[in-house]
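Each chain gets a letter, A, B and so on, in the order its sequence line appears, and its residues count up from 1.
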Amino acid sequence: MSLLEMEKKWQSKWEEARIFYSDPKKMKKFFVNFPYPYVNGFMHLGHSFSLMRAEIFARYKRMRGYNTVFPFGFHATGTPIVAAAERVKDGEKSQIEILEKMDVPKELIPKFSDPEFWVKYFPQKSIEDLKLLGLCVDWRRSFITTSLNPFYDKFIKWQFNKLKEKNFVVKGEHPVTWCPKCNNPIGDHARLEGEGITPEEIILLKFKFNGKILPAATYRVETVFGVTNMWINPEFKYVEAEVDGEIWIVSPIAADKLTNQKHDIKIIRELDPNDLIGRTCENPLTGNKIPILPATFVSPEIGTGIVMSVPSHAPYDYIALKDIQSNPLKYGVSETLVKNISPIPLIIVEDFGKNPAIELSEKMGISSQEDVDMLEEATNIIYKKEFHQGVLNEKTGKYEGVKVSDVKKVIVNDFINSGIATLFYELPGKVTCRCLSKGVVRIVSDQWFLAYGNSEWKDLAKKCLAQMNIYPEKARKQFEYVLDWLKDWACTREFGLGTKLPWDEKWVIESLSDSTIYMAYYTLAKYFEDPSYNINPKKLDDYFFDYIYLNIGNIDEVTAKSELPKELISEMKEEFEYWYPFEFRNSGKDLIQNHLSFCIFNHVAIFPENLWPKGFGVNGWVLVDGEKMSKSKGNFYTIRQIVSMYGADAARITLMNGGEGLDDPNWDSEFARTITDKLKNWHDFCIENYGKGRTEKLYIDRWFLSVLNKTIKETTEAMEETNFRTALSKGFFGLQRDLKWYLKRCLNSPNKEVISEAIKIQTLLLAPFTPHICEEIWEKIGFKSFISNAAWPEYREYMIDKISEESEYYIEDVVNDIREIINILSRGELKALEKIEIFTAEDWKWELIELVRNKENIGEATKTAMSKEEFRKNAKDVNLIIQKCFKNRYFPEKFNEKEVLNEAKSFLKEEFKTKINIDPLEDPGNDRKKSLPRKPGIHIYFM
RNA sequence: GCGGGGGUUGCCGAGCAUGGCUAAAGGCGAUAGACUCAAGAUCUAUUCCCGCAGGGGUCCAGGGGUUCAAAUCCCUUCCCCCGCACCA
């Protein structure tokens, strides 16, 4: 039978027997889950590693005797699917290609213009794929999110009502990237350019100009103390406008931006920049009168089109100033106006002198304000240096002596409070919407937030984390950091699939926010998804979830309202109470800073302490043969591709062998290719050897039983910590090596009981990883029930036999020594051996070791030894032995070398295909003298 | 910059929290041999350098230190990866 057939066979047997359909039982339970994937495509290698960790742990715990449940849902909330469907509708080529590349049948593609079709198609395909991988999932509990699933919809509404009751959902405003034409926020997926760009906060400083305001936009408020002049662009028109009751002068584009940022704005008239150039305005902070000068580097697109000039710390300003001072007439200003302008240094930085901008501009050889690239670079360097290391000087008044990075926020607040500055948002790069319009920043008001910044809430979350298992424990710090740092999260959108905010239906609950406590929903999904229960979602409201999840209300009321049988409601409630909380949820480490932390927050907000999450596992991102997986590199694989190329068992074990901990696991194609044969060989070996062999007990059998038990111990420990790679390394590769040695040592004649035991143990240890082939072996060696339900092997302490392990190391060392000598002497060419003689150490050498074992140092030891006549006459060897022992701090325990060697004699004979003499009476080469304890003298005779 | 994780012998990766049996597991790759008409698979050996008797030398990002002894402890420098959000 081919491996593929084997996999098919067992997958259908599992399904028939419904062995992974887990229901409450009077047993200890284990609840494993995985963040449901977003259903805009097939599941791929990236998903498979994280979910495989959940899978392996689930199978392991099942074998450890836990009633284990592993449910699996699908996520459809959010905008990407809607946007993609929209694109299909528009016949957009690139989107259609994406689908084609996924091997979606051509005739189905038009159907993808409906988001609902995605939500039907991909979950179904994903389930197929995951079944091919052999997951032990209870598929009765699968569901999709959003209002397309009325049950889930009700559940999310309940969740948000709960949060609202506790004042954890609050209203506020926040800036978004916005398309003025579509009248919508532009998410990353809806952009032609500018992915990842988000609004940045900048400050407008209100310079006074004849009762009007010249608002200069800046990231660097602290430099207002050093402004020497203002810049405006002489080539563009400006406008005068009434803004929140003041008269502002800004570029027309800036006027538009202000409208989107909640400012009341009315344009009064257009303004020629030349009417401003040459005149003076007033620094609102220092009261200094400063000239308004022309500069072409000023862009009307950025900020307000008005720039304050700080030549000491801004390369642009310095260069522009130099330009104009060297040739005022060219710029149409009088010489007297500019000649006395000199930079005002404000910030002290270690690696620079007084005027960093001047130094750096000159060092880089920037000559004109048109050298944009170099100016940008210089600006960046200076900004970073000054922000992180800079300290303000005496010109900055009360801020003197403080680091820029420490005082920036304070300055901003001070300025805003005193009315000389206001907040403004700007995009740090160009964002273009799919409709080709340019994105702007818009302040969205009446936005709803989850108040993760709330300190009481935070404290509860931290308490929860402290009680949780984190796998690996190393990741805990990261969680602690994130819980501290999380701020309020905008939890509603105006667009996309999802559940409507129950009390404000213009909003849809955002995708990360509707996925925080849904693990509790799995316990009920089994009922909701089964039509035979005839549950009407319209009847299910908060009262229902209150009762099931929180034990609020009474059964009679719930029965009446839901129109469901009392017994069913009780069963559902008991089901939830049985399974919850969950023990293990595993994901990529990228979800630490949002989803997993949100999961903690929402649990502690809604559920009592006994229902808080018990454990999270996190892992790195899958590499493919050492490289990041990406579609453009052509190393992007879906689960179905992987399974069809290598088979499920090979794929599973390859994934788990790829890595553990927080390191990025590596999918090794070479390993995947070669492991199949190893597994197949194991299968064949089991069938050939199980229940066969000699009945006589030998010394080496004891050794192997000891090793077997040590392996069980180490593998189990690794499994408990979800260190699956270690588990494979000990429990498979290590054991295989030991088995090989065992077979060699007993001259391929294993003891029947021992070999059968080994076959059982090895197959059991492997079962979570490669369940299909293990089921097959299990069946063929005569077990009637599934290995998936078999008990994990128990470690038996009394089987551990230190002495036989030590003796075996000794034999190994002897073999290695003999081999080394042969290699050196024969130099690669094969010479036939005549015989090998082995001489064990004389008793007095062992006695010497006993004598010096507890001595402080070599001198002490030598002195003691030499005081005895019998050692004195072998002074040279005594010295050698003492030195060796002390050098390695290793004093071997005495054992009967001759006996051990004799036991292994036939093996040695077989191994070297020659005669072996142990302690022969004749010793013509005086080889016995060379023997040391645990290191016999060896003499090799060639033909 | 902040927070986290790392840098080990051709590659991947153990070991490092409890320093000594560590030239440093295992896998992969490579080389040689066995098997085969042959390829693959499998098996055996080798895979830092030197060595015609089991030995010696140099190694674990760089530098310094502690110690009888350091890949392992301490200090310092350099380098890489991830996150810093309103997105699934």
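Rounded to the nearest Å, the gap between the C1' atom of B:C75 and that of B:A70 is 15 Å. For B:G4 and B:A25, the C1' atoms lie 29 Å apart once the distance is rounded to whole Å. If you take atom C1' in B:G15 and the same atom in B:G26, they sit 12 Å apart, rounded to whole Å. Distance check on atom P: B:A14 versus B:A61 gives 14 Å, rounded to whole Å. Separating the P atom of B:C28 from that of B:U66 is a span of 44 Å, rounded to the nearest Å. Comparing B:A23 with B:G57, their P atoms sit 11 Å apart, to the nearest whole Å. Separation of the C1' atoms belonging to B:G83 and B:G10 is 33 Å when rounded to the nearest angstrom. For the P atoms, the distance linking B:A71 with B:G62 amounts to 12 Å, nearest Å.
Between the side chains of A:H595 and A:R585, at least one donor N or O lies within less than 3.5 Å of an accepting N or O. Looking only at atom types and distance, the side chain of A:Q95 has no donor-acceptor partner in the side chain of A:E86 under 3.5 Å away. Between the side chains of A:T914 and A:E834, not a single donor N or O lies within less than 3.5 Å of an accepting N or O.
In this structure, A:F74 has its ring center at least 6.0 angstrom away from the ring center of A:Y36. Residues A:Y941 and A:H939 bring their aromatic ring centres within 6.0 Å.
Between the CG atom of A:D625 and the P atom of B:C11 there is a distance of 16 Å, rounded to whole Å. As a whole-Å value, the separation of A:R934 CZ from B:G54 P is 18 Å. Put simply, CD on A:E805 is 15 Å from C1' on B:C21, counting in whole angstrom units. Rounded to a whole Å, the CG atom of A:N594 is 21 Å from the P atom of B:G3. In this structure, A:D677 atom CG and B:C43 atom P are separated by 10 Å, rounded to whole Å. Atom CD of A:E660 is separated from atom P of B:C12 by 17 Å (rounded to the nearest Å). Atom CG of A:N723 and atom C1' of B:G13 are 14 Å apart (whole Å). Per the geometry, CG belonging to A:L679 stands 16 Å off P belonging to B:A41, to the nearest Å.
In this structure, the nucleotide among B:A53, B:U46, B:G54 sitting nearest to the side chain of A:H939 is B:A53. For A:N681, the listed nucleotide lying nearest its side chain is B:U42; candidates were B:U42, B:G54, B:C87. Taking the side chain of A:A490 as heavy atoms from C-beta on, and the options B:C86, B:G54, B:G5, the nearest nucleotide is B:C86.
Within 4.0 Å (heavy atoms only), A:P175 reaches no atom of the nucleic acid at all. Counting non-hydrogen atoms under 4.0 angstrom, A:G937 reaches a base of the nucleic acid. Residue A:I675 is classed as having no contact, given no heavy-atom separation below 4.0 Å to the nucleic acid. Among the atoms of the strands shown, only primed sugar atoms or phosphate atoms (P, OP1, OP2) are found under 4.0 Å from some heavy atom of A:K740. Among the protein residues, A:D488 comes within range of the nucleic acid bases, having at least one heavy atom under 4.0 Å from a base atom. At a threshold of 4.0 angstrom between heavy atoms, the contacts of A:L486 include nucleobase atoms, whether or not backbone atoms are also involved. Using a 4.0 Å heavy-atom criterion, one finds that A:L512 contacts the bases of the nucleic acid, with or without backbone contacts as well. Among the heavy atoms of the strands, none lies under 4.0 Å from A:T726. Across all strands shown, A:H174 has heavy atoms under 4.0 Å from sugar-phosphate atoms exclusively, and none from any base.
In this structure, A:K171 places its NZ atom where more than 12 heavy-atom neighbours from other residues, nucleotides or ligands lie under 6.0 Å away. Heavy-atom contacts from other residues, nucleotides or ligands closer than 6.0 Å to NZ of A:K589 number more than 12. Within a 6.0 Å sphere centred on NZ of A:K462, other residues, nucleotides and ligands contribute more than 12 heavy atoms.
Residue A:K935 places at least one side-chain N or O under 4.0 Å from the OP1 or OP2 atom of B:G55. Dashed line: the shortest gap from a side-chain N or O of A:R493 to OP1 or OP2 of B:C86 is not under 4.0 Å.
Each of A:Y471, A:F479, A:F34 was evaluated against A:F616; a single residue qualifies, A:F479, per the ring-ring contact (aromatic ring centres under 6.0 Å, His included) test.
Residues satisfying the side-chain contact (heavy atoms from CB on, under 4.5 Å) criterion with A:E812, sequence neighbours excluded, are A:W741, A:Y809.
Taking the centre and axis of the six-membered ring of A:F907, the NZ or CZ atom of A:R745 falls inside the cone set by 45° and 6.0 Å.
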Stepwise side-chain hydrogen bond (donor to acceptor under 3.5 Å, both in side chains) check, A:T77 with A:D514
CA-CA 8 Å; A:T77 310; A:D514 84 341; 2.5 Å; yes

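The glycosidic torsion of B:A17 lies within 90° of 0, placing the base in the syn range.
Between A:I940 and A:N666, the residue whose closest nucleotide on RNA chain B is further toward the 5' end is A:N666.
Nucleotide B:C43 forms a Watson-Crick or G-U wobble pair with B:G33, both donor-acceptor distances falling under 3.5 Å. Applying the Watson-Crick and G-U wobble criteria (two distances, each under 3.5 Å), B:A71 pairs with nothing in any strand. Pairing partner, B:C2: B:G83, with both Watson-Crick or wobble hydrogen-bond distances short of 3.5 Å. The partner of B:A17 is absent, by the rule that a Watson-Crick or G-U pair needs both atom distances under 3.5 Å. If you check B:U66 for Watson-Crick or wobble pairing at under 3.5 angstrom, you find it has no partner at all. Base-pair partner of B:C28: B:G10 (Watson-Crick or G-U wobble, both distances under 3.5 Å).
Judged by distance alone, with hydrogens and angles left aside, the side-chain atoms of A:K458 form a donor-acceptor pair with the main-chain N or O of A:L486 at under 3.5 Å.
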Sub-3.5 Å pairs of nitrogen or oxygen atoms, protein against nucleotides 78-83 of chain B:
{"residue": "B:C82", "atom": "OP1", "partner": "A:K628", "partner atom": "NZ", "Å": "2.6"}

Sequence-aligned protein contact record of nucleotides 25-32 of chain B, with B where the base is within under 4.0 Å of a protein heavy atom and S where only the sugar-phosphate is
SBSSS---

